[in-house]
Amino acid sequence: MHAFWRSLARNRLAIAGGVVVVCLVAAALLAPALAPWDPHRPSIKQALAAPSAAHPLGTDQLGRDVLSRMLYGARVSLAVGFVSVGIATIVGLILGSLAGYHGGTVDAVVMRFVDLMLVFPSFFLLLAVLAFLRPSIWTIMAVIGLTSWMRVARLVRAEFLTLKEREFVIWSHAIGASTLRIIWRHILPNAIAPVLVAMTLGIPAAILTESGLSFLGLGVQPPHASWGNILNEGKDAIEIAWWLSFYPGLAILVTVLSYNLLGEGIRDALDPRLRQRGR
Amino acid sequence: MAVLLCAAVVAGCSNDLDGAEVPGGGAPAKRAYGDTLIEALLADVSGLIPNILSDSPSYEVGGLIYNGLVGFDRDLNLVGELAESWSFSTDCLDLTFTLRPNATWHDGRPFTADDVLFTYETMVHPKTPTSNRESFKVIERVDVVGPRTVHIRYSKPYAKALQSWGLSVLPRHVLEPYVRDGKLREAPQNWKDPVGTGPYRFAERRAGEKIVLVANRAYFAGPPYISRVVYRIIPSQPTIFLELKAKGVDAGRLNALQYARQTNYPAFEKAYRKYRHAGGGYTYLGFNLKDPRFADRRVRQAIAHAIDKRELIDGVLFGLGRDATGPYKPGTWAHNPNVKTYPHDLARARALLSEAGWKEKNAEGLLVKDGKPFTFELMTNQGNEERRKVAEIVQASLRDLGIGVEIRIIEWASFIKEYVKKRRFEAIVLGWGIGPDPDQYEIWHSSKTGPDDLNHISYANPEVDDRLEKGRSACVPAERVKHYHRLQEILAEDQPVVFLYFGDALPVVSSRVHGIVPGPNGIRYNFPEWYVPAALHRYTSG
């Protein structure tokens, strides 16, 4: 563990990513205190105002403050990122450990189901599902989560396949530990490292997906702001109001990049071979 | 084509009427034949025989290929097209057309009175898949009196008798077998090689890509000046705008944002001429009147008072629209300017709501009656930024009153099919495109509330029914005006929908095209007379 932190601390990009992520989470949590204006109240006379002291990031087509909307949008993006990755991780852990631990028929069935899910281009699967459901932040979290657990399931299964043959697992069997206890207390803690990396890398993917859906109008519904739908509104006015496209685009870019840097840093730090090379 | 459900995209189906403004003015130049005009179409045509179609691209293209017996001029007066003259008996039952002597079909055969009879037979044939049958069912019989004379006998006076003959006249010698078998939609003329009498003839079509028309040199009113018209199918308003700026198309429509803020630079103003005239469609906030909350007129009136129409017109249309007080466009003959209006007045709105029993507020500031808070879902279609903005402004305005609104935006086809037609909505933001005639029986009559009918809001008012029936059967204009003026008074009082605004139509045409004279009928009514002076020709063509 100590080696992990030392290795992570030496990776400057990962640290930068981590700092940005922490700042974003803080900004999202403190949005009501930080936002200078009501993010939902139209003010037609202020429509499409350029960035100024009163509106540091300008206003949108209905005269709402872009900074305030972006702060509230950060809540949506981060919430979608965390919750949907949480759902994906839980589903992936359960199915992956079932398949890996039991092997045989269970493994075959679960893995074919994983293949089946991977066959669908996930974005189109999302679009199809959302056409039937009422779009809201909850359905989006659920749908993204339930269409992105396959990677975790595969990782967990692979870890289980090797771990279940190890001596400590065999000994646990020998002294009569229950299956659940073996999975929960002995194998899972050893399999968690790659899952942690997958989670960190899954969050930016979920944020991007949510932005894409909101851009297409299938994400969070108006008047609620998300970076994707601010960007969508901005595209019609891109020539006269660059701030409507630039800032949400920048926010998405920085967030996704930070998570990826952090995720890669964690991955490298967890990998003993890379750690050695680093030394 | 009395009413069109105004479709997804901005100005998708405006009928371009009334009061025009021309920025600048064309200097007179010598008329010349030649050049090509490239137009943008938002969707491919669904066919080439407009009589059996109902989408606006098909009507736009079909309008150049076919003629009606009559048409509308610049000021929306009825004028003869294939008909040279007509006489209408004083009891409004006998209509006699005298046809032009020199009109021919695109295949060279002469146009005769028999083709008019054939068009009538087509429209009333039970197997013809058309939504325009109503206007022809009131006809008792059609007689061919001579090769150039047709007599039509109506079974009862019908207000739209004359203008109903504006529909495309079809050739008997080409289409008769298809009509007989009920296969007009499958006829080859519906997808290539249509035969009409109009100023342009069909040249080429690539599905989903383009339609090319060439000038009909034998056109009875003289050949059109522009030699070729190419319709490019570009199914996205922003792409059309980019194409306009890149000069990939010569004509198109702007939205309010583009007109007001994105086209005011010298290069654009030099290359194009922008027009602005009152559009033929209005946007409304409609309620499902089966919902007991909205069945109470005071609630609807309160909502009308809470919405600042000026804010809507400025915010959504950049001022390029007019306040709607009813379903008729200001300035047209049926419009009644003296009806009840609903100025922005929150105090009045609150008083009306409390009269209706919405007095208390809960912890979230929402009005409560019988323990239930006043919240409803407001639906509109996807892809129409204008309506989305209207919904958001309405949402914020009603929040001040203590009414919670949840917005739901749904893709156009399923919005209409699953929600509007099945009446599965609480409130909607939608638009109606209206024709030049004030008959709106289909929209407001209480008998028109079936799944495929257009009275989506389930409005029923016996006096409205009565006025609508009388208005469409009276044939003296002065009498019709009386009925329609009263109709507007009732609708204004009742507010079955909150009439929001008429958006202006904002067409734009390359400045090399001359001869455009905007009027109440928009700009396209005299298309064959548009020309490009020889020095300005951009494309060579035969």
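Fair warning: this is a prediction, and the values are worked out from it, not measured in the lab. Naming: A, B, ... by sequence-line order, numbering from 1 per chain.
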TODO: Tell me, for Ile407(B) versus chain A, whether the close heavy atoms (under 4.5 Å) come from the side chain, the backbone, both or neither.
DONE: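 Both backbone and side chain.
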
Problem - Phe120(A) atom CZ: more than 12 heavy-atom contacts under 6.0 Å - result: no

- Message: Taking side chain to side chain donor-acceptor pair (under 3.5 Å) as the definition, give me every residue that meets it alongside Lys361(B), ordered by chain and number, with sequence neighbours left out.
- Response: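 Result, side chain to side chain donor-acceptor pair (under 3.5 Å) vs Lys361(B): none returned.
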
To see if you've got the definition right, give the donor-acceptor pairs under 3.5 angstrom between chain B and chain A.
residue, atom, partner, partner atom, Å
Lys245(B), NZ, Glu239(A), OE1, 2.3
Lys245(B), NZ, Glu239(A), OE2, 2.8
Glu377(B), OE2, Arg134(A), NH1, 2.4
Glu377(B), OE2, Arg134(A), NH2, 3.4
Gln382(B), NE2, Leu216(A), O, 2.8
Lys389(B), NZ, Gln61(A), OE1, 2.4
Glu392(B), OE1, Arg64(A), NH1, 2.3
Glu392(B), OE1, Arg64(A), NH2, 3.1
Asp400(B), OD1, Arg41(A), NH2, 2.7
Ile409(B), N, Gln221(A), OE1, 3.0

- Of the backbone (N, CA, C, O) and the side chain (C-beta and beyond), which part of Leu216(A) lies under 4.5 Å from a heavy atom of chain B, both, or neither?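 For Leu216(A), the backbone is the part near chain B, not the side chain.
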
